[in-house]
Amino acid sequence: MSRFWTFLTYVHSAAGPTVMLLYPLYASVIAIESPSKLDDEQWLAYWILYSFLTLLEILLQPILEWIPIWYTLKLAFVGWLVMPHFRGAAFIYERYVREKIIKKYGIGGAAHNKKSSSPNGKSKSKSKFVDFITPKKGEHEAY
């Protein structure tokens, strides 16, 4: 019975990096190469949420050490985020994150498209934040 528990421990340890990193990395590369935008949104949303979860985990490490099933709960949550059947990352992003970003910065699909644009085709409603993080024409050519 001891070998069985040792085996389960190894499987549990390997499941984290596989579910949280290896599969999402593979799926992200496939999404970039596919013509569909739907899978791009899923994987960009996943990496946003995974980064936020990792940041929270770093900040709350002393508290999380006292929760013995934290790693298992995190693994189950991230599994739900990455499973193509559920599209959990896209669901959370659309339902919660996108609303907050649109309210705070006034950007996004519907809100962005409804604004009037200037004669040069650029939207007048772009926030300074978006202008700051968006590369200007010709900036990426140096790479």
Side-chain angles (χ1 to χ4, degrees), residues 4-143:
F4 178 70
W5 288 115
T6 303
F7 174 73
L8 282 181
T9 302
Y10 287 132
V11 168
H12 190 261
S13 297
T18 303
V19 170
M20 293 182 219
L21 293 172
L22 292 177
Y23 175 70
L25 284 169
Y26 169 76
S28 296
V29 170
I30 299 300
I32 288 171
E33 297 302 323
S34 76
S36 171
K37 188 178 177 190
L38 190 63
D39 53 359
D40 294 350
E41 291 174 359
Q42 161 68 15
W43 293 110
L44 281 171
Y46 171 77
W47 290 112
I48 290 168
L49 294 171
Y50 182 75
S51 298
F52 182 71
L53 181 63
T54 302
L55 179 63
L56 278 179
E57 196 173 28
I58 290 169
L59 294 174
L60 300 175
Q61 184 64 31
I63 297 168
L64 296 175
E65 288 176 355
W66 290 93
I67 304 173
I69 60 168
W70 167 247
Y71 186 75
T72 305
L73 291 173
K74 178 183 171 185
L75 184 61
F77 176 68
V78 171
W80 177 75
L81 289 177
V82 302
M83 288 182 69
H85 178 71
F86 295 112
R87 294 182 36 82
F91 172 77
I92 288 180
Y93 183 82
E94 286 291 325
R95 191 85 182 249
Y96 303 104
V97 178
R98 189 165 188 255
E99 282 182 16
K100 303 297 181 200
I101 290 173
I102 289 173
K103 281 182 185 177
K104 180 140 181 132
Y105 298 109
I107 61 173
H112 185 67
N113 292 335
K114 288 182 182 178
K115 303 289 182 187
S116 63
S117 59
S118 62
N120 65 0
K122 292 189 178 181
S123 175
K124 292 179 183 177
S125 66
K126 266 192 175 179
S127 71
K128 291 180 184 178
F129 177 74
V130 174
D131 289 337
F132 175 73
I133 64 169
T134 307
K136 305 295 182 263
K137 195 172 192 175
E139 278 185 14
H140 64 281
E141 293 172 5
Y143 298 110

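- Atoms CG and OG1, on Leu25 and Thr18 in that order, are 11.0 Å from each other to the nearest 0.5 Å.
- Atom-to-atom distance recorded for Thr54:OG1 and Tyr50:OH is 4.0 Å, nearest 0.5 angstrom.
- Taken from OG1 in Thr72 to CD1 in Ile67, the straight-line distance is 12.0 Å, to the nearest 0.5 Å.
- Between Tyr96 and Leu49, the closest side-chain pair of non-hydrogen atoms is not below 4.5 Å.
- The shortest non-hydrogen separation linking Trp66 to Pro62 is CD1-O, 3.1 Å.
- Looking only at side-chain heavy atoms (C-beta outward), Phe52 and Val97 stay at 4.5 Å or farther from each other.
- Between the side chain of Tyr46 and the main chain of Met20, a donor-acceptor pair closer than 3.5 Å is present.
- Across every non-hydrogen atom of Ala89 and Ala45, the tightest pair is O-CB, 3.6 Å.
- The salt bridge (charged side-chain N to carboxylate O under 4.0 Å, His left out) analysis of residues 54-80, with sequence neighbours excluded, yields the pairs Glu57-Lys74.
- The distance from atom CG of Leu44 to atom CD1 of Ile32, rounded to the nearest 0.5 Å, is 8.0 Å.
- No donor-acceptor pair closer than 3.5 Å links the side chain of Gln42 to the backbone N or O of Phe91.
- Rounded to the nearest 0.5 angstrom, Leu53 CG and Ile58 CD1 are separated by 10.0 Å.
- The number of heavy-atom neighbours closer than 6.0 Å to CG of Leu59, taken from other residues, nucleotides and ligands shown, is above 12.
- Across Pro24 and Val82, no two heavy atoms sit closer than the pair CG-CG1, 3.8 Å.
- The CD1 atom of Ile48 sits 12.0 Å away from the CD1 atom of Ile92 when rounded to the nearest 0.5 Å.
- Listed by first and then second residue, the ring-ring contact (aromatic ring centres under 6.0 Å, His included) pairs that reach into residues 10-32 are His12-Tyr71, Tyr23-Trp43, sequence neighbours excluded.
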